[in-house]
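Here is the structure we will look at, set down as structure tokens.
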Amino acid sequence: QAGYASGVFLMPITPLKKLVADFLRSTRIYGSLSPSDEVALQLGGRVQQEFQVSLEAARVRLGKLGYFTEKEASVQLFVS
């Protein structure tokens, strides 16, 4: 519980969701990512850098929020 609380404190939901939304929009990926996917690793690194946390803490927080799953990510079919 202490680890979860620390993650919530260090990576507040509103700025974290904005960072993730901006990142996913820039990569044209919508939906969850596989935790081992290259884009997921990049996202974890971005969160780590922005919030000054460990990569593991970033990945756990993203997983708890449902951004990582074992399902395939959706890609945009049409580029505007």
Side-chain angles (χ1 to χ4, degrees):
Q1 289 175 338
Y4 179 78
S6 297
V8 169
F9 179 73
L10 294 171
M11 296 171 272
I13 191 76
T14 302
L16 180 59
K17 281 188 171 185
K18 180 177 180 348
L19 183 147
V20 171
D22 291 346
F23 178 84
L24 293 177
R25 191 175 312 110
S26 74
T27 59
R28 291 193 168 95
I29 294 177
Y30 302 94
S32 299
L33 302 167
S34 170
S36 60
D37 184 62
E38 178 63 30
V39 176
L41 296 173
Q42 291 174 9
L43 176 57
R46 185 79 55 93
V47 171
Q48 175 189 20
Q49 204 171 22
E50 179 70 25
F51 294 98
Q52 296 295 300
V53 297
S54 70
L55 182 57
E56 183 62 25
R59 292 173 58 77
V60 167
R61 181 83 164 122
L62 291 167
K64 292 283 186 186
L65 292 174
Y67 291 113
F68 293 159
T69 184
E70 294 305 317
K71 297 178 184 175
E72 292 284 325
S74 302
V75 293
Q76 184 176 2
L77 296 177
F78 302 101
V79 179
S80 52

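All values reported here derive from a predicted model rather than from experimental measurement. Only heavy atoms go into these numbers, but all of them, side chains included; no hydrogens, no water, no symmetry mates.
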Between Ile29 and Leu33, what is the shortest heavy-atom contact and its length? CG2-CD2, 3.6 Å

Distance-minimising heavy-atom pair for Val53 and Ala57: CB-CB, 4.2 Å

Nearest 0.5 Å, please: how far is CD in Gln48 from CG in Leu55? 5.0 Å

Would you say Phe68 ends up clustered with Leu19 if hydrophobic residues are merged whenever their side chains have heavy atoms under 4.5 Å apart, either directly or through other cluster members? yes

Please check this pair: side chain of Arg46 against backbone of Phe23, looking for a donor-acceptor N/O pair closer than 3.5 Å. no

Correct closest heavy-atom pair for Ala40 and Pro35 would be CB-O, 3.9 Å

Could you check if a side-chain atom of Ile13 sits within less than 4.5 angstrom of a side-chain atom of Leu65, using non-hydrogen atoms only? yes

Assess whether atom CD of Gln49 is packed by more than 12 heavy atoms of other residues, nucleotides or ligands within 6.0 Å. no

Looking only at non-hydrogen atoms, find the nearest pair between Arg59 and Leu41 and report the distance. NH1-CD2, 3.3 Å

Determine, using the 4.5 Å side-chain heavy-atom cutoff (strictly less than), whether Tyr67 and Val39 are members of one ILVMFWY cluster. yes

Looking at Leu10 and Phe51, what are the two nearest heavy atoms and their distance? O-CD2, 3.5 Å

Distance in Å, Lys18 NZ paired with Glu50 CD, rounded so as to fall on 0.5 Å steps: 10.0 Å

Minimal non-hydrogen separation, Ala58 against Val47, with atom names: CB-CG1, 3.6 Å

